[in-house]
Amino acid sequence: MKTQAVVSRLSQNCYNNKVVIEMNCLICVGVAQRVMCAGPWEERDCPVCGRYRISDELILALMDQGQIFDVLKVRGWLDTRRTEGFLPCIQSPEGLLVTVVEPTSTPAQVK
Ligand SMILES: [Zn+2]
């Protein structure tokens with residue numbers, strides 16, 4: 001089963017990765033406070049991004065694929081959730097990742 005593979009890798013490999021990033025924001029990689037929480041979550045209180053949770057599984061998947069968050073998009077999403085009265089919990093990266101495109105097709109100009 002796919003889920004079991006993820007869980008076993010979580011216990012084997014990922015612990016080290018999680019230690020490395022323990023004191024950093026998982027979105028902007030700045031220094032952030034780790035908040036202890038129950039369940040398969042990492043919770044952070046970042047001075048810039050604010051407080052949020054990300055599922056362990058998603059962190060693993062992102063590391064595996066070498067993907068990173070689109071910081072501005074994530075912050076916008078977090079703000080939206082907060083105005084709705086929730087502690088933002090990122091489970092699905094949909095729409096929140098930096099889209100990797102070919103360098104030649106990337107417009108260099110940013111206004
Ligand atoms: Zn941050």
Side-chain angles (χ1 to χ4, degrees):
M1 295 293 284
K2 221 173 183 180
T3 313
Q4 284 201 326
V6 171
V7 170
S8 80
R9 291 191 41 213
L10 188 70
S11 51
Q12 287 167 16
N13 299 337
C14 211
Y15 186 69
N16 285 338
N17 287 335
K18 286 185 70 172
V19 168
V20 170
I21 61 175
E22 194 167 283
M23 300 307 292
N24 292 100
C25 175
L26 298 165
I27 297 168
C28 71
V29 204
V31 177
Q33 189 183 351
R34 186 183 195 196
V35 181
M36 298 309 289
C37 60
W41 300 92
E42 282 290 310
E43 188 169 334
R44 293 289 183 283
D45 195 352
C46 172
V48 189
C49 307
R51 189 162 167 177
Y52 61 89
R53 286 185 180 183
I54 297 183
S55 76
D56 281 342
E57 207 170 311
L58 177 56
I59 296 169
L60 284 191
L62 294 181
M63 285 178 169
D64 243 24
Q65 299 159 19
Q67 301 214 65
I68 55 170
F69 282 114
D70 184 322
V71 176
L72 292 180
K73 271 189 198 170
V74 175
R75 284 176 184 163
W77 184 85
L78 293 177
D79 282 345
T80 305
R81 300 302 290 173
R82 286 191 194 104
T83 58
E84 292 167 357
F86 297 107
L87 172 65
C89 299
I90 304 174
Q91 264 180 303
S92 160
E94 208 171 313
L96 297 176
L97 295 175
V98 172
T99 306
V100 179
V101 291
E102 293 297 315
T104 48
S105 65
T106 309
Q109 299 293 328
V110 178
K111 288 182 183 175

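Atoms within a ligand are numbered from 1 in the order they appear, just like the ligands themselves.
Judged as a side-chain hydrogen bond (donor to acceptor under 3.5 Å, both in side chains), and not counting sequence neighbours, Gln91 has no contacts. Evaluation of the salt bridge (Lys or Arg N to Asp or Glu O under 4.0 Å) rule for Asp45 yields no partner, not counting sequence neighbours. In terms of the salt bridge (Lys or Arg N to Asp or Glu O under 4.0 Å) criterion, Arg75 has no residue partners (sequence neighbours excluded).
Under the 4.0 Å criterion applied to side-chain N and carboxylate O atoms, Glu43 and Arg34 are not assigned as salt-bridge partners. Between Glu84 and Arg82 no salt bridge is recorded (no basic side-chain N to carboxylate O distance below 4.0 Å).
Protein N/O/S atoms closer than 2.8 Å to the Zn ion (ligand 1): Cys25 SG, Cys28 SG, Cys46 SG, Cys49 SG.
When side chains are defined from C-beta on, Leu96 counts as touching Trp77, because their heavy atoms get closer than 4.5 Å.
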